[in-house]
Asker: 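Sharing a structure below in structure tokens format, with a few things to ask.
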Amino acid sequence: MTMSIPPGSAVRTSGHGCLVANIATVTGRNLRRLVRVPTLVAFATVQPVLFVLLFTYAWGGAIHPPGVSRYIDYALPGIWVLAIAFGASQTGVALADDLATGMIDRFRALPMARSAVLVGRVAADAVRNLFVLALMTGVGHAIGFRFHAGPAAALAATGLALAVGVAFSWIFALLGLLVRDPESAGIGGLLAAIPLIFTSSTFVPLSTFPGWLQAFAHINPITVTVDALRVLCLGGSTSTYVWHALIWIGGLVAVTVPAAVIRYRRTTAA
């Protein structure tokens, strides 16, 4: 997919106004790409719905976490993170594909800020994640999920989930720039996400894990963020959980954003 800039527009590559306009243009390009490719639309809609239904009805009868009457109330915050992580793997795929097809070279030839390519990609992912979260919450509500801590906590949970998505997007953006191959980026993204998700409190209480695994699970960033989302949805003391989650997210972003920018500059300078 090519991207054109109308004559007389975006002739500068510096300044906040130009940067924002460049980011908006790249974000729009990525969202149009999502809408125009049927398989991407299916991935963004069907898969999250299947996650909610399959995990709820396949495991809900066997797993009874303490403190909740319905498994969907316990599981949905974790399924949010699962869907966001799997969806974010497409960030790396898309960037690697742009590198392989020469789209990044096209961006270099345009009068635009280089950072807009990465930030626009992450911004488009955030929009997609908001849609996915709304879809999954709607399906979850239809089968019994409820926010028990009020509308303010529900909004905070949504914001925290979107922040998790931003962190994942930057991680997989860096991965895509490193491997520079779409298939490798897709496989590498899943291989990185699956062990972390299934060694966390996403689906079951950590007390059910063997002792040697519990030690890792307690410091697993997925556990920290899922537990924070869970208390925002179910109620209870949230400050410690949320602050720990924000520290993890902030740390990951602080590391991956500069690394991705440096890698992008080296890649485009080659």
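What's counted below: heavy atoms across the whole structure, side chains too, no hydrogens, waters or symmetry copies. Note that the structure is predicted; figures quoted are calculated from it, not measured. Counting from 1, the numbers follow the sequence of the chain as shown.
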Asker: Quick one: are Phe86 and Leu82 in side-chain contact, heavy atoms under 4.5 Å?
Answerer: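 In short, these two side chains touch, coming nearer than 4.5 Å.
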Asker: Does Ile143 belong to the same Ile/Leu/Val/Met/Phe/Trp/Tyr cluster as Leu135, with side-chain heavy atoms less than 4.5 Å apart forming each link?
Answerer: yes
Asker: Can you tell me how far CG of Asn30 sits from CZ of Arg33, rounded to the nearest 0.5 angstrom?
Answerer: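 The CG atom of Asn30 is 7.0 Å from CZ of Arg33, to the nearest 0.5 Å.
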Asker: Counting N and O atoms only, with roles assigned by atom type, does the side chain of Tyr74 sit under 3.5 Å from a partner on the main chain of Thr202, one being a donor and the other an acceptor?
Answerer: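 Between the backbone of Thr202 and the side chain of Tyr74 there is no qualifying donor-acceptor contact (under 3.5 Å).
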Asker: Which pairs would a plain distance check flag for residues 41-62, meaning a side-chain donor or acceptor within less than 3.5 Å of a matching protein atom at least two apart in sequence or in another chain?
Answerer:
unit_1	atom_1	unit_2	atom_2	d
Thr45	OG1	Val41	O	2.8
Thr45	OG1	Ala42	O	3.4
Thr56	OG1	Val52	O	2.6

Asker: Does any non-hydrogen side-chain atom of Leu196 lie less than 4.5 Å from one of Phe216?
Answerer: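 Contact flag for Phe216/Leu196 side chains = yes.
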Asker: Ion pair present between Arg180 and Asp97, side-chain N to carboxylate O less than 4.0 angstrom?
Answerer: no
Asker: Please report the shortest heavy-atom distance between Phe172 and Gly189, naming the atom on each side.
Answerer: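 For Phe172 versus Gly189, the nearest heavy atoms are CE2-CA, 3.2 Å.
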Asker: Does Asp125 reach the side chain of Ile84, with side-chain heavy atoms less than 4.5 Å apart?
Answerer: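 Side chain of Asp125 against side chain of Ile84, heavy atoms only: no contact under 4.5 Å found.
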Asker: Same cluster or not: are Leu190 and Val164 linked, directly or through other Ile, Leu, Val, Met, Phe, Trp or Tyr residues, by side-chain heavy atoms under 4.5 angstrom apart?
Answerer: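 Result: yes, single cluster for both.
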Asker: To the closest 0.5 Å, what do you measure between CG (Leu133) and CZ (Arg128)?
Answerer: 10.5 Å
Asker: What's the verdict on side chain to side chain contact (heavy atoms under 4.5 Å, CB included) for Val119 and Asn22, showing C-alpha distance, side-chain angles and the deciding distance?
Answerer: CA-CA 10 Å; Val119 178; Asn22 293 163; over 6 Å; no
Asker: At their closest point, which heavy atom of Gly120 faces which heavy atom of Val26, and how far apart are they?
Answerer: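 In this case the closest contact between Gly120 and Val26 is CA-CG1, 4.0 Å.
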Asker: Side chain to side chain contact (heavy atoms under 4.5 Å, CB included) for Leu246 and Leu160? Distances and angles first, verdict last.
Answerer: CA-CA 8 Å; Leu246 290 175; Leu160 183 61; 3.9 Å; yes
Asker: Would you sort out whether Ser200 and Asn220 count as a side-chain hydrogen bond (donor to acceptor under 3.5 Å, both in side chains), showing the intermediate values?
Answerer: CA-CA 6 Å; Ser200 72; Asn220 185 338; 4.7 Å; no
Asker: Relative to Phe145, does Arg70 satisfy both conditions: NZ or CZ under 6.0 angstrom from the six-membered ring centre, and within 45 degrees of the ring's axis?
Answerer: no
Asker: Can you tell me how far the CD1 atom of Ile23 sits from the SG atom of Cys18, to the nearest 0.5 Å?
Answerer: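 If we round to the nearest 0.5 Å, Ile23:CD1 and Cys18:SG are 10.0 Å apart.
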Asker: So do the side chains of Leu252 and Trp170 get within less than 4.5 Å of each other, counting heavy atoms only?
Answerer: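 SC-SC contact between Leu252 and Trp170 ruled out.
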Asker: Side chains of Ile197 and Phe203: does their closest heavy-atom pair fall under 4.5 Å?
Answerer: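 Ile197 reaches Phe203 side chain to side chain.
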Asker: Walk me through it: do Trp80 and Thr137 pass the test side chain to side chain contact (heavy atoms under 4.5 Å, CB included)?
Answerer: CA-CA 9 Å; Trp80 284 349; Thr137 303; 3.4 Å; yes
Asker: Identify the heavy atoms of Thr223 and Ser201 that sit nearest to each other, and give their distance.
Answerer: OG1-N, 3.3 Å
Asker: Verify the neighbour count for atom CD of Gln214: are there more than 12 heavy atoms of other residues, nucleotides or ligands below 6.0 Å?
Answerer: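 Yes, the 6.0 Å shell around CD holds more than 12 heavy atoms from other groups.
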Asker: I'd like to know if the side chain of Ser184 and the backbone of Asp181 have a donor-acceptor N/O pair within less than 3.5 Å.
Answerer: no
Asker: Measuring only between side-chain heavy atoms, which start at C-beta, is Val122 closer than 4.5 Å to Thr27?
Answerer: no
Asker: Distance from Leu213 atom CG to Leu206 atom CG, nearest 0.5 Å?
Answerer: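 That separation rounds to 8.5 Å.
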Asker: Can a donor-acceptor pair be found, under 3.5 Å and without considering hydrogens, that links the side chain of Arg263 to the backbone of Ala173?
Answerer: no
Asker: For a 4.5 angstrom cut-off between non-hydrogen side-chain atoms, does Leu229 reach Tyr241?
Answerer: no
Asker: So which atom in Leu234 and which in His148 form the shortest heavy-atom distance, rounded to 0.1 Å?
Answerer: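 Shortest heavy-atom separation between Leu234 and His148 comes out as O-CB, 3.4 Å.
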Asker: Indicate, with yes or no, if Val226 and Phe198 share a hydrophobic cluster defined by side-chain heavy-atom contacts under 4.5 Å among Ile, Leu, Val, Met, Phe, Trp and Tyr.
Answerer: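 In one cluster: yes.
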Asker: Quick one: does any side-chain atom of Thr208 pair with a main-chain N or O of Val204 as donor and acceptor, under 3.5 Å?
Answerer: no
Asker: Is a donor on one side and an acceptor on the other found under 3.5 Å between the side chain of Thr91 and the backbone of Ser169?
Answerer: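 Between the backbone of Ser169 and the side chain of Thr91 there is no qualifying donor-acceptor contact (under 3.5 Å).
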Asker: State, yes or no, whether a side-chain contact exists between Pro258 and Val261 at a heavy-atom distance under 4.5 Å.
Answerer: no
Asker: When rounded to the nearest 0.5 angstrom, what is the spacing between CD1 in Ile72 and CZ in Arg146?
Answerer: 10.5 Å
Asker: Flag yes if more than 12 heavy atoms outside Tyr71 fall under 6.0 Å of its OH atom; otherwise flag no.
Answerer: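 For Tyr71, atom OH is crowded (more than 12 foreign heavy atoms under 6.0 Å).
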Asker: Quick one, Met103 with Arg29, criterion side chain to side chain contact (heavy atoms under 4.5 Å, CB included). Give me CA distance, side-chain angles, the key distance, then yes/no.
Answerer: CA-CA 12 Å; Met103 191 64 203; Arg29 175 252 180 185; 3.5 Å; yes
Asker: Is a side-chain N or O of Thr158 found less than 3.5 angstrom from the main chain of Ala154, in a donor-acceptor match?
Answerer: yes
Asker: When rounded to the nearest 0.5 angstrom, what distance separates CG in Leu95 from CG in Leu178?
Answerer: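 Leu95 atom CG to Leu178 atom CG measures 11.0 Å (nearest 0.5 Å).
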Asker: List the atom of Ala260, the atom of Leu177, and the distance in Å for their closest heavy-atom pair.
Answerer: O-CD1, 3.5 Å
Asker: Under 3.5 Å, side chain of Arg230 to main-chain N/O of Pro77, donor-acceptor pair present?
Answerer: no
Asker: Has Asp73 got a side-chain atom pairing as donor or acceptor with Ser69's backbone, closer than 3.5 angstrom?
Answerer: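 Such a contact is absent between Asp73 side chain and Ser69 backbone.
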